[in-house]
Structure formats: structure tokens, C-alpha cells
Amino acid sequence: MCASMSKHQLTTSSSAYDYPLIIRHLLRTPLTQARNQEIIYADKLRYNYSTFNERLGRLANTLIKLGIRAGDTVAVMDWDSHRYLEAFFAVPMLGAILHTINIRLSPSQILYTINHAQDDIILIHADFMPIINEIRDSFERDIRILSLSDYETLLSDASPNYKFPDFDENTRATTFYTTGTTGLPKGVYFTHRQLVLHTLGFISTVNWTSGHGGFHSDDVYMPITPMFHVHAWGVPYSATLMGVKQVYPGRYEAGALLALIEAEQVTFSHCVPTILQMLLNHPRAAHTDLSHWRVIIGGAALPPGLAQQALDLGIDVYAAYGMSETCPILTAATLTKTMLAKSPEEQLRLRCKTGRTAPLVELRIVDQNMNDVPQDGQSTGEIVVRAPWLTQGYLDDPVRSEELWAGGYMHTGDIGYMDMDGLVQITDRLKDVIKSGGEWISSIELEGLISEHDNVAQVAVIGIPDKQWSERPLALVVPVDAAQADADSIRAHINGYVDQGLLSTWAIPQRVEFVTNIDLTSVGKIDKKKLREKYAHANELEKD
Ligand code: AMP
């Protein structure tokens with residue numbers, strides 16, 4: 001360090017507290033301001049933040065009695081519950097690592113993640129015991145299995161008093177796995193410091209504009225993103241910091257979720273588009289007042305058709321963007337007052353955009369040589385990022401870690417553009433782009449347009465190999481009414497956008513297939529990889 005810099009270095013008084021950014025400190029505000037606020041588990045249990053705090057002490061003492069120490073790994077397999085929230089806090093607060101197991105992976109993938117993360121204990125809901133029984137003979141170390149059926153008894157037998165220690169804020173707090181696009185699951189990991197900064201970053205991102213959106217201390221929060229998926233996007237940490245009323249719904253079932261929204265007057269949620277679609281298509285939705293509900297859609301593009309359906313019910317819906325590797329928040333499509341003054345059609349378009357960056361996020365759009373493409377609202381390139389909360393690599397995987405961070409920026413594998421107002425729009429994924437006759441076709445754009453057809457409940461567009469054009473788009477559509485399914489009507493609908501100049505004729509998919517369901521990934525997104533494999537020969541079969 002140069003001499004002139006060291007002159008400005010802080011001198012620390014020996015009694016000064018060098019405040020580490022650790023999860024324990026997130027509890028400071030709610031425990032002074034919101035002791036009586038409620039945390040609720042479906043229709044089964046409710047308690048307040050004081051009790052929550054005591055239960056963290058009880059869980060810590062229980063884990064210590066079971067031999068868990070700082071540096072050990074505690075895995076959880078559970079539905080979204082108060083137990084999971086308690087593990088989000090107590091496990092890292094002990095200095096241990098929380099491994100949130102993706103319960104939707106195949107048993108062999110779950111086994112891989114358990115061995116790879118070197119779990120020491122698994123806290124498991126009875127529903128998942130059959131999976132563990134199937135794979136436990138292949139555990140590579142001694143792993144304790146703790147049934148969550150015993151959880152309440154264990155906690156009530158333990159002392160609520162535990163003095164959680166301070167430690168280095170760069171201690172690893174959590175680990176989980178992303179299935180990515182190819183190969184074995186990849187482990188990502190986050191430190192206390194990263195989670196604390198993300199907690200604050202999320203709050204400031206959603207409160208960036210006034211007039212809509214927002215997340216406030218008088219909200220009622222219910223996640224509809226599984227807690228194993230990027231810590232339910234980190235929002236339980238933000239909700240707890242703000243001392244809001246929290247509702248954990250257990251296993252997702254559309255009718256029960258709607259009932260909870262109504263009974264607990266839920267005002268703030270987040271989910272992938274498919275889940276929102278499932279809720280809005282449920283008969284109960286028509287009889288539920290959803291006009292006080294704010295919903296952030298992420299994990300996949302928000303289709304305008306779905307956004308309009310939500311807006312018609314009074315739901316304040318908008319998109320956000322992130323990845324497992326990014327903790328996840330990168331951008332959010334909150335609308336400024338100027339944007340809210342625009343026409344309903346324009347507002348709809350803006351809500352479905354990928355959004356503007358969260359504070360501290362450096363987002364660049366680059367070409368293959370890492371040069372920035374113009375910020376002109378049309379030049380596309382790969383989105384690469386830096387932020388204080390990105391995984392620093394893939395766990396024990398130096399090769400893929402270096403690929404992820406090539407050139408000092410995290411590569412998202414997403415393609416998009418940015419306009420002069422900083423609004424980002426993802427147009428496709430690197431691995432998802434359709435290249436036909438040398439021209440790019442955006443599957444996401446096509447999906448958005450097709451989703452606005454009245455008889456479309458769900459749609460996926462993939463590129464399938466074509467002898468002549470190298471690839472052509474194939475639209476897979478789940479119709480609202482199968483009896484009325486008509487490919488010509490869908491093509492005519494798309495033609496309308498071509499006539500308006502919004503789409504090139506080239507992008508019209510000749511092939512529209514009606515299906516009863518579309519394959520989804522373990523986190524409920526359209527599984528493009530699987531669909532591409534499934535329909536890889538579709539064009540050849542037709543032509544041969
Ligand atoms: P995951 O790690 O499973 O959360 O997947 C992250 C990926 O989901 C991103 O790299 C994007 O391809 C996609 N994704 C997430 N949010 C959005 C969004 N708002 N619009 C389009 N794609 C998104």
C-alpha cells in the first residue's frame with residue numbers, strides 16, 4: 001500500500017466495536033421494534049418474534065447437543081416453514097453452514113449434493129424420508145438424520161439461552177446447488193457479509209421508486225419461492241430485518257395458498273411465472289380479493305399475458321432478475337412516477353422488462369471480447385456482472401469457477417440490451433437462443449407475444465434443428481380450451497405483430513404444437529434443455 005494511503009487509514013480505539021456484517025445482527029431491529037409481530041406456519045402454528053428469538057437459542061442448543069460445531073454443515077429438506085426460517089438464522093449464527101437441499105432433484109442428484117457439500121446432519125421432513133432411505137447406503141460419511149417430526153419436542157426440551165458469538169463476516173453461511181444447464185449440480189456459496197448486504201440491497205431495490213411496489217414494515221409477507229431456491233431469493237432475511245408479519249405456507253397447493261393470502265391478508269410475495277399462473281387459474285382466485293397483493297416475478301421472464309391477467313385482478317406485479325449464483329438480486333422492474341403516468345400498454349411493457357440494476361450492482365453488456373456494446377436499447381450482448389453478493393466460484397470446482405468468472409466478471413449466460421435509462425431487457429439465454437438462417441430469433445419475445453393469445457395458458461418456444469435453416473422455432477402451447485386449439489389462429493395472432501412491425505416474418509414459428517403440459521425444471525421454470533432434447537428430431541420426422 002502506498003504511503004499516502006496509509007496516512008488515511010483509520011486508527012481504531014482499542015475499545016471500539018468492529019461491527020461484523022453477520023446474520024446475528026439482522027435480528028437487532030426486529031427485536032427492539034417488532035417483538036409482538038407474528039410468524040405463522042400455514043394454519044398450524046403462530047408465534048411472535050420474541051418466541052422466534054428464543055427458538056433460535058433452542059435450535060442452537062439442540063444442534064450443539066447433537067455434536068454440531070462451527071464449520072460443520074447442516075442440511076435441511078423441508079417445505080417452506082417456520083422451521084426453515086429458524087435454520088436460516090440459527091445454523092449460520094452458530095458459525096455452521098446451512099445446506100438447503102433442493103427437494104425436487106432426482107434422488108441421485110440429491111445424493112451427489114449431500115456428499116459434495118459434506119453434510120454432517122440432515123433435518124428432514126417425513127415426506128422426504130423415502131428419498132433418504134433410497135440413497136443413505138451411498139453416503140460417503142457418517143451423517144445424522146434428524147426427523148422434523150421430533151423438532152418441536154427437541155426444541156421444547158432445549159434451553160432458549162444461547163450466546164451466539166461474533167466471528168469473521170467472511171465466514172461461509174450457506175451452500176446450495178444449481179442444476180444449471182449441463183453436467184452435475186454446481187454448488188454456490190455465500191458468506192454472512194454477502195447475505196447481510198443482499199438483505200439491505202433487496203430492501204433498497206424494491207423501495208427505489210414510490211407510487212407502487214415497495215416492501216415495508218407493515219407488509220404481510222409470504223414467499224411462494226421454495227426456501228431451497230436461493231434462500232427464497234433472500235427475502236426472508238429482509239422480512240425478518242424489517243420485523244414484518246411472515247407467513248410460511250408449507251407445501252404449495254393453489255387453493256391453500258389463496259386461502260392463506262385471504263386469511264392473513266398477505267400483501268407481498270414473489271414467485272416464478274408458473275406459480276402465479278397456477279394461482280390465477282385456480283377457481284378460488286375469482287373469489288379472492290387480490291387487490292392488495294404485490295408480487296415480484298423472477299426466475300424467468302414475466303409474460304405480458306400473465307402480467308395483464310394479474311393487473312386485471314388488481315395485483316401490483318412486476319419482474320426482477322437474478323440467478324442462483326447471484327444471491328440472487330441483480331435488477332428489478334419497479335416503475336418510476338414518470339413510467340406510472342404512461343399508457344396502460346406501456347406500463348405493462350415496463351413491468352415485464354428485466355428492470356434496472358440494484359444498488360452496487362455493476363451490470364455490463366458485452367460482446368465476445370468483453371467489449372461493452374452500445375447502451376442504445378437495441379445492441380445485445382452477454383450480461384456480465386459484479387456485485388458484493390455473488391458466489392465467488394462453484395464449490396470445489398476450479399475449472400467451472402474460472403469459466404463463471406472469466407475476465408473478472410461473472411458471466412450470466414443471458415443475452416440482453418440496456419437502454420439509456422438503464423433499463424435492461426433480457427432477450428434470450430446464450431444457451432437458449434434460436435439462430436435461424438444466420439438470424440437471431442428471441443424465444444422469450446415470441447413466448448411473450450403468444451402468451452397474449454386468449455387460448456394460451458402456457459407457452460414455450462424452443463429452437464429445433466432444421467436441415468435447411470440450421471434451426472427453426474417450435475412453439476409448444478398448453479391451450480386454455482383444448483377443443484378450440486387452432487395453430488392457424490396462433491399464427492394469425494403472431495402475424496398481427498408482424499403487421500405492426502414488431503416482429504420479423506422470419507420469427508413466425510411454422511410449427512405450433514398443442515400439448516397438455518410443458519416440462520418444468522425442479523424450480524418450476526420451463527425446462528428448455530429437456531424440451532430441446534425431446535423435440536430435437538421433430539423437424540426431421542416431419543420432413544422424412
Ligand atoms: P436460476 O439460477 O435457476 O435462478 O436461474 C437463473 C436464470 O433464470 C437467469 O440466468 C436467467 O436466464 C433466468 N431469469 C431469471 N430471472 C429472469 C427474468 N426476470 N427474465 C428472464 N430470465 C430470467
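When a ligand or atom number is given, it counts from 1 through the structure's own listing order.
- Defined by atom type and a distance below 3.5 Å, a donor-acceptor pair is missing between the side-chain atoms of Thr73 and Asp119.
- Here Ala300 has backbone heavy atoms under 4.0 Å from ligand 1, and that is the only part of it that gets that close.
- Within the 4.0 Å heavy-atom cutoff, Pro328 does not count among the residues contacting ligand 1.
- The distance criterion of under 3.5 Å between nitrogen or oxygen atoms is met by Gly299 with respect to ligand 1.
- Considering backbone and side-chain atoms alike, Ser324 places an N or O below 3.5 Å from some N or O of ligand 1.
- For Gly355, the closest heavy-atom approach to ligand 1 does not fall below 4.0 Å.
- In this structure His116 satisfies the side chain to side chain donor-acceptor pair (under 3.5 Å) test together with Tyr177, sequence neighbours excluded.
- A salt bridge is defined here as a Lys NZ or Arg NE, NH1 or NH2 lying under 4.0 Å from an Asp or Glu carboxylate O, and Asp219 with Arg294 meets this definition.
- Glu346 has a carboxylate O that lies under 4.0 Å from a charged side-chain N of Arg349, or vice versa, which qualifies the two as a salt bridge.
- Taking only nitrogen or oxygen atoms, main chain and side chain alike, Asp414 reaches within less than 3.5 Å of ligand 1.
- Under a 4.0 Å heavy-atom criterion, Gly322 is in contact with ligand 1.
- In terms of the salt bridge (charged side-chain N to carboxylate O under 4.0 Å, His left out) criterion, Lys342 has no residue partners (sequence neighbours excluded).
- The N/O atoms of Ala320, backbone and side chain alike, include one that comes under 3.5 Å of an N/O atom in ligand 1.
- Taking 4.0 Å as the cut-off between side-chain N and carboxylate O, Asp80 and Arg251 do not count as a salt-bridged pair.
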